[in-house]
Each structure stands twice: as C-alpha cells, then as structure tokens.
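First up is the structure itself, then whatever we jot down about it.
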Amino acid sequence: MLRGKVALVTGSSRGIGRAIALKLAKEGADIIINFFRRREAAEQTAEDIEKLGVTAKVIRANVGNPEKIDEMFDTILSSFGHLDILVNNAASGLPRSALDLDTKVWEWTMDINARALLLCAQRAVKLMEGRGGKIVAITSLGSSLVWPGYIAIGVSKATLEALTRYLAIELAPKNICVNAVGASLVPTEVGLAYARGGQLGDDSTWQTTPAGRMVSPEDIANVVAFLCSEEAFMIRGQTVIVDGGTSSAPFGFTHKGEGD
Amino acid sequence: MSTTEETIKDIVVKIVHCEREVLTPESTFQDMKADSLDMVQVLVALEDEFGIEIPDEDAQKFKNFSDFVTYVEARIAEKK
Ligand SMILES: NC(=O)c1ccc[n+]([C@@H]2O[C@H](COP(=O)([O-])OP(=O)(O)OC[C@H]3O[C@@H](n4cnc5c(N)ncnc54)[C@H](OP(=O)(O)O)[C@@H]3O)[C@@H](O)[C@H]2O)c1
C-alpha cells in the first residue's frame with residue numbers, strides 16, 4: 001500500500017504513464033501528473049485520479065528541457081515538500097534509419113528519454129533525503145533488440161537502462177531503489193502508430209505474444225507498482241521485461257499445444 | 001506587418017531552416033517543409049518567447065501561417 005506517499009509520473013497524461021498514475025493512486029499515493037502538449041488529457045487523468053480519493057496535481061514540463069525540470073521540482077517542493085516515488089515514463093522520438101538520423105532528432109530523443117532520468121533523479125533524491133524512495137524508468141525491448149526505424153529511441157533506452165544501474169548503486173545507501181520496466185509493443189497511441197507504420201509487417205505479426213495477447217498499459221503499471229512496494233526492496237538496477245514472452249521467441253510463436 | 005508576426009517568422013525560419021519568403025499567410029507546413037519535430041519545436045519556442053501555452057488540442061487546428069499568427073496574437077491579448 002502506498003497511502004500517504006507522493007509519486008511523480010512523467011508523461012502521465014495518457015498511455016502507459018496514465019495507467020501507472022491510476023495504479024499508484026489506487027494503491028493510495030498522491031499523484032503528480034506531468035505532461036507536455038496535451039493539457040486536456042492531463043486534466044482528465046487528474047479528474048479520474050481524484051475520484052479514487054487521493055490528491056492529483058498537474059504540472060506541465062518538457063522533460064527535455066533542464067530549466068522546466070527544475071521548475072517542476074520547485075513546484076513539487078512547494079506543494080508537497082517531499083517525494084517518495086519517481087516514475088520516469090515520458091518519451092518521444094521519430095522513426096529514422098541510422099543513415100538518416102540527424103543531430104536534431106538524436107538530441108531531442110536523448111534529452112527527453114535518457115537525460116531526463118538523470119536530471120529528475122538528481123532533484124528527486126533531494127526530496128527523498130532521509131526517507132528513502134523508489135525510482136522506476138520505463139524502457140523498451142528496442143534497447144537490446146533491433147526494431148525497424150527505432151534507432152533513436154532504442155539507443156536512448158539503452159542509455160536509460162545503463163543509467164538505471166548506475167543510479168541504483170549510487171543511491172542504494174540512501175535507501176532509494178532504482179529499477180526499470182521494459183515493454184514490448186503496447187497498443188497506446190504511439191505504439192499503434194508505430195506498428196501501423198507498416199514496418200512490422202501485417203497485423204498478425206505484432207498483435208499477439210506467446211502469452212496470447214498484447215501487453216497492456218496495465219500490465220506495465222502492475223510491475224511498476226510492485227517495484228514501488230517494500231516487497232521489491234532487494235531488486236536493484238534491474239530491467240524487468242514485460243513482453244508476454246516475445247523476446248524469448250526469436251522464431252515466432254506458433255506452438256499450438258501438446259502433440260501439434 | 002505586426003512585430004508579433006515578424007518574431008514568429010524569425011522563429012520559424014530559425015527552426016525549420018526555410019526561406020523567409022516562403023512564409024506568406026497562406027503557407028502550409030508542407031510549404032515550409034516542416035516535419036513533426038520542427039512543428040513541436042516551433043510551438044515550444046513561441047511559448048517561451050511570448051509566455052503563452054499552445055496545447056496540441058489547439059495546435060492541431062492550425063492549417064497555415066496566418067492561423068499561427070492569429071492564435072498567438074489572441075493569446076497575447078488575453079494575457080494583457
Ligand atoms: N507503446 C509502446 O509500444 C511502448 C513500448 C515500449 C516502451 N514504451 C515506453 O512506455 C512509455 C510510455 O509510452 P506510451 O506508449 O504511453 O506513449 P504515449 O502514449 O505517446 O504517451 C507519452 C506520454 O509522455 C508525455 N511526453 C512526451 N514528451 C514529453 C516531454 N518532452 N516532456 C514531458 N512529457 C512528455 C506525453 O505527454 P502529452 O500527452 O502532453 O503529449 C504523454 O503523456 C515511454 O517511455 C515509451 O518509450 C512504450
């Protein structure tokens with residue numbers, strides 16, 4: 001149970017971040033909803049969270065911009081005074097091949113997807129001082145497997161996972177647990193746009209997993225909530241993969257049952 | 001031409017790297033050859049320059065350059 005805890009979920013206006021925010025709220029945490037472009041969606045999430053009987057505060061900040069991260073944490077400091085949970089979920093990026101990847105897209109993606117964890121963690125640790133805390137980064141199978149057109153994001157996620165390990169060790173004496181949750185394709189707005197971009201082949205190739213269905217935002221949120229619980233205390237610096245088995249089945253998953 | 005419009009042009013030219021002459025009231029994002037990242041960066045730069053917020057819900061309705069200018073001018077007027 002997370003009653004009385006304060007959690008910041010970056011990029012929680014919609015998609016996986018929204019599901020994580022709702023899950024942590026159901027466990028009793030007060031939630032800071034961060035967004036960048038979609039204010040209406042963020043306010044809707046806040047409304048849905050408040051119905052669960054906890055406090056929700058919406059803060060707009062582009063986590064790719066260090067100044068905006070600072071402003072966000074200044075607001076958290078003045079509104080809550082402390083922080084117990086940071087979920088680094090916000091991400092952005094554009095489809096590119098290696099030979100088309102220019103510095104503009106590279107920097108945009110790295111700043112939002114990877115550097116933001118470092119900068120948010122630096123500020124969050126000050127708000128967790130003396131009380132401990134949990135930091136969870138949301139990453140993707142595209143960090144270790146090659147997904148078509150995904151180079152900018154995949155590389156930023158590999159950085160994010162390395163950062164997770166370094167932070168986990170450095171922050172361990174402060175009683176702060178740092179881990180990551182890695183997803184395969186999740187049918188959010190961007191997930192579907194990416195899959196339907198045609199690079200993954202026809203629908204049947206990505207619309208299932210060995211577990212029999214796609215990974216949902218709630219599947220990710222459940223693991224995040226577990227990593228934020230005391231039961232996960234000894235898990236440090238890990239990336240927990242939530243993919244219904246996809247990454248273990250490079251030749252696809254056509255098993256139809258015993259005797260086939 | 002208003003100074004607001006001039007400033008917006010400066011920002012678009014700097015981020016999108018298009019010719020200033022391309023920016024007529026009717027020019028569309030295709031005319032400017034702006035991709036989705038350019039667009040977001042232009043919006044963010046306008047927000048910082050004028051101290052306003054341009055949510056995607058509004059930005060999605062912009063069709064051409066004059067929509068930008070009209071919107072930004074209206075938001076600035078609201079602030080005063
Ligand atoms: N969907 C998948 O298939 C998949 C697979 C693997 C990993 N993931 C990871 O899961 C996480 C969430 O993905 P999703 O599918 O839920 O994405 P999504 O539906 O596109 O949502 C992205 C969220 O991040 C916010 N955001 C984007 N740029 C931001 C910035 N610069 N500053 C602050 N917030 C920003 C968005 O805010 P606005 O609403 O204001 O734009 C939105 O709340 C990401 O880390 C993603 O890489 C997703």
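So you know, we letter chains A, B, ... as the sequences are listed, proteins then strands, and number each from 1. Keep in mind it's a predicted model, so treat the numbers as computed, not measured.
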Between A/R123 and A/D74, is there a salt bridge with N-O shorter than 4.0 Å?
-> yes

Would you please go through residues 53-70 of chain B and name the residues with a non-hydrogen atom below 4.5 Å from one of chain A, in numerical order?
-> B/E53, B/I54, B/P55, B/D56, B/E57, B/Q60

A/K57 versus A/I76: any side-chain heavy-atom pair under 4.5 Å?
-> no

So does B/E49 have more than 12 non-hydrogen atoms from other groups sitting under 6.0 Å from CD?
-> yes

Hey, are B/D35 and A/K104 close enough for a salt bridge, meaning a charged N less than 4.0 Å from a carboxylate O?
-> no

Ion pair A/R115/A/E107, N-O distance below 4.0 Å | no

If you look only at pairs with a residue in residues 184-199 of chain A, which of them pass as a side-chain hydrogen bond (donor to acceptor under 3.5 Å, both in side chains), with sequence neighbours excluded?
-> A/R38-A/E189

